[in-house]
Each structure stands twice: as C-alpha cells, then as structure tokens.
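Report on the following structure.
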Amino acid sequence: MRSVTYSMNVSLDGYIVGPDGDFNWTTPDEEVFRFWIDEIRQVGVHLMGRRLYETMLYWETADQDPSTGEAELEWASLWNPLPKVVFSTTLSAVRGGARLASGSPAEEIERLRAEPGGDIAIGGATLAAEAAASGLIDEYRAVVYPVLVGGGIPFFPREERRVDLELAETRTFSSNVVYLRYRVARRDAL
C-alpha cells in the first residue's frame with residue numbers, strides 16, 4: 001500500500017506562508033534544492049490545492065528559460081511528467097500532468113492507495129488538514145527554515161486532535177535549515 005506524505009517548507013514558528021502571503025524565505029540553497037530533487041523521485045502522484053498548483057505552474061515552462069540552471073532543469077524533468085491531482089472549486093481546467101480531482105481528498109487518497117507506485121505526496125496546508133482529519137497521513141516531512149514569520153498559514157491544522165509521531169529521520173543543512181521526518185504512530189487495536 002502506498003504511503004501518504006505531507007511535505008512542506010515551514011518557518012520555525014510553524015507557518016508555510018507568512019501573514020502577508022509571502023514565502024520568499026523558503027528559497028532553497030543548492031543543498032536543500034538537491035534534497036527536494038531526491039524527495040520528488042520517491043513520489044508517484046502529488047495532490048495539491050489550487051494555490052500550490054498555480055505556484056508550481058512555473059515549472060511547466062522553466063526549461064524554456066535560458067537562465068534556468070542544471071538543478072532546476074533536473075527538477076522540471078521530474079516534476080512535469082509526475083501525475084498531479086488538483087483540488088479546486090474554482091478551476092475548470094488544469095495543464096500538464098495534472099487532473100482535477102473528481103472526489104473528496106479521502107476518496108482520492110483511498111483510490112490512489114490501492115494503485116501501485118511511489119508515495120502519494122500532499123502539498124498545501126488546507127488539503128493536508130483535510131487528509132489529517134481523516135487519519136490519512138502516514139508521514140509528516142517538515143523542512144524547517146530558521147525564521148519566525150509571526151503568523152500566516154500554519155503547517156499543522158489547528159484542531160483538537162492528538163496524533164502521536166515517531167521520529168524517522170533528521171538532517172541539518174549547512175544553511176541551518178533542518179529536515180524532520182515523522183511517521184504517524186499507528187497503534188493496533190487490542
């Protein structure tokens with residue numbers, strides 16, 4: 001069965017986007033960007049909301065820009081053919097390897113889990129919150145930037161629900177960015 005992962009860049013105070021909608025503090029250095037390239041190789045399908053989809057549209061044509069570097073070209077070559085499922089009530093069409101979701105996040109995840117392939121990645125806090133509320137996330141992967149932004153869109157949903165986690169991996173980059181990977185601790189019923 002495919003694993004469902006939620007991965008995003010996050011500020012030390014827990015936000016993926018600051019109060020002004022800005023996330024330029026997440027611009028990765030070469031080492032962190034290489035890490036994301038390695039991460040995307042494990043993904044079989046990526047689920048995202050409209051805002052992340054529109055942000056990532058840049059990569060559809062990045063290879064046409066002569067100033068695009070080697071690492072960015074490598075990312076685009078992996079990202080563009082990757083199947084993507086976009087959850088939106090406002091979009092009527094999507095481009096590239098994307099399709100609009102036909103069901104709820106829970107329905108899509110359950111259907112995709114039954115298919116062969118790499119991880120099911122979720123990007124975007126709103127979509128991840130829906131999946132988390134249904135107990136569908138298997139791993140949380142946070143790339144923590146050494147910045148406090150003071151508010152915005154939180155990485156974790158603000159709900160009154162406890163989820164026990166097991167540390168699976170950590171990594172500290174030379175830029176003082178820290179990667180944390182936690183598995184959801186699933187307790188078998190007695």
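Residue numbers run from 1 in the order of the sequence given.
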Which is it for W25 and V149 under the side chain to side chain contact (heavy atoms under 4.5 Å, CB included) test, yes or no, and what are the steps along the way?
CA-CA 9 Å; W25 46 270; V149 297; 3.6 Å; yes
Partners of [X] by side chain to side chain donor-acceptor pair (under 3.5 Å), sequence neighbours excluded?
X: S102; value: E108
X: T5; value: none
X: R181; value: E139, E169
X: S3; value: none

Would you mind listing every ring pair (Phe, Tyr, Trp, His ring centres under 6.0 Å) that reaches into residues 82-101, with sequence neighbours excluded?
none
Any pair with a residue in residues 103-149 that passes ring pair (Phe, Tyr, Trp, His ring centres under 6.0 Å), sequence neighbours left out, goes on the list, sorted by first then second residue, please.
Y140-F156
Only counting residues at least two apart or in another chain, list the ones meeting salt bridge (charged side-chain N to carboxylate O under 4.0 Å, His left out) with [X].
X: D164; result: R162
X: E107; result: none
X: R95; result: none
X: E31; result: R171

Taking NZ, NE, NH1 and NH2 as the nitrogens, is one of them in R186 or D138 under 4.0 Å from a carboxylate oxygen of the other?
yes
Return each pair, listed once, that meets salt bridge (charged side-chain N to carboxylate O under 4.0 Å, His left out) where at least one residue sits in residues 62-83; pairs must be two or more places apart or across chains.
R34-E74, R41-E74
Which label fits F155 and Y6: parallel for a plane angle under 30°, tilted from 30 to 60°, or perpendicular past 60°?
parallel
Is a donor on one side and an acceptor on the other found under 3.5 Å between the side chain of K84 and the backbone of Y53?
no
Please list, one pair per line, the donor and acceptor atoms closer than 3.5 Å that link side chains of residues 114-130 to other protein atoms, with sequence neighbours excluded.
residue : atom : partner : partner atom : Å
E115    : OE2  : R111    : NH1          : 2.7

